[in-house]
Amino acid sequence: MEGRHGRNSTLREVRVSSFPFLDLQAQFAEIREEIRASIERVLDSQAFILGPEVKALEQELRGYLQCRFAIACASGSDAILLALMALDLRPGDEVITTPFTFVATAGSIARLGARPVFADIDPDTFNLDPRRIETIISPRTRAVLPVHLFGLPAEMNAIMKVAAHHNLAVIEDAAQAIGARYNNTPVGNLGTFGCFSFFPSKNLGGAGDGGLITTNDEGQNTRLRILRVHGSRTKYCYEELGINSRLDALQAAILRVKLRYLERWTMARQVNAGRYRNLFQEHNLDELISLPKVPASCNHVFNQFVIRSRSRDQLRQHLADAGIPSEVYYPKPLHLQPAFAWLNHSEGDFPEAEAASREVLALPIFPELKEEQQLAVVEAIARFYRSTA
Ligand SMILES: *Cc1c(COP(=O)(O)O)cnc(C)c1O
């Protein structure tokens, strides 16, 4: 392959065999034997629900995330739901969150009969803009639910300040941001609760669904452990109604193996992000598209590497034609989704979220991504802008 430097000015097609947006096969190849052994260990034990594997994973994650308590559950969506249940969220209560996120963020609020109250995003970070929170606080507001979108921590100082001033809880949706740090503190450890997901495409992904809630509050730790087993503190005695949301021992065993690799994988994602930056600069594309911005307070773990382009849809088609995978997170903000029509929003209500939905494009950033694959991505984008110039 042609070297990165000294290539001639006519861009020729870089030949790479097609590759996926996220290569979980490559990851598995590296750890196959350890994963197999962990599965076998659980099968031999025939203990499938909670138990020692889940306990050990919770312990290990407490250390990794530097928090006092970690409670595993069945999914990231349930983690948010359980955190909101632990706050005794009632029908009619309001929770302030972002419209530019995965559906579960606001969906968990709505499932409890409460109302998601959206605040627009900061277009530079795609995260909840803390300057827009104060004016929408009402007597029914109970909590703020920022999302560390794509792996970039939200502006937590400003969010915590306004929340403290109005006596609101803060739930961090850290589903995409395990291991990210804000002013050197791991996310999930800044608000009242942190919610994580082990969905396979997250930075720490299981072989199915899984989730985790973190807290530093001992009372809430006890409460969450009751809520995840139907509300029972002692067997067949229900002081309140909870849900069935436990992590499987099989998932825990697999996640314990993968947790040992997480820092390495995260660093690889960050190296890839840096390499994209250099390549975009070398190809003079950094003026035509906008690259992820990382505030000095933040350590970004790049669950996604998301660029913005005014001609996103054409660019995406061009990439697809060239065999380059890409994704759009998210094509429609939540306030315009039919499931939230009852909130009576219309187009124009959150212009930054709407613009982001039109312009964002996620490029492959998985740890095993190769340098020549990144070059192929960037050169395909360069060809697109040459053809439209
Ligand atoms: C993945 C995700 C969730 C939900 O996690 P699941 O484990 O899939 O239920 C919630 N919020 C955000 C921002 C996510 O990306």
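Counting starts at 1 for both ligands and their atoms, in listed order. Counting from 1, the numbers follow the sequence of the chain as shown.
Asn221 and Thr215 form no side-chain donor-acceptor contact under 3.5 Å, judged by distance and modelled atom types alone. Side-chain atoms of His148 and Gln176 include no donor-acceptor pair closer than 3.5 Å.
Ring planes of Phe280 and Phe305: parallel class, angle under 30° (limits at 30 and 60°). By the 30° and 60° cut-offs, the orientation of the rings of Tyr238 relative to Tyr236 is perpendicular.
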Self-check item: Derivation and outcome, side-chain hydrogen bond (donor to acceptor under 3.5 Å, both in side chains), residues Tyr261 and Glu30
Solution: CA-CA 10 Å; Tyr261 292 85; Glu30 196 185 346; 5.7 Å; no

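The aromatic ring centres of Phe150 and His300 sit 6.0 Å or more apart.
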Run through all N or O atoms in ligand 1 and write down each protein N or O closer than 3.5 Å, as a pair with its distance.
| from | atom 1 | to | atom 2 | distance (Å) |
| --- | --- | --- | --- | --- |
| ligand 1 | 5 (O) | Ser197 | OG | 3.3 |
| ligand 1 | 7 (O) | Gly76 | N | 2.7 |
| ligand 1 | 7 (O) | Ser197 | OG | 2.6 |
| ligand 1 | 9 (O) | Gly76 | N | 3.4 |
| ligand 1 | 9 (O) | Ser77 | N | 2.8 |
| ligand 1 | 9 (O) | Ser77 | OG | 2.5 |
| ligand 1 | 11 (N) | Asp173 | OD1 | 3.3 |
| ligand 1 | 11 (N) | Asp173 | OD2 | 2.7 |
| ligand 1 | 15 (O) | Gln176 | NE2 | 2.7 |
| ligand 1 | 15 (O) | Lys202 | NZ | 2.9 |

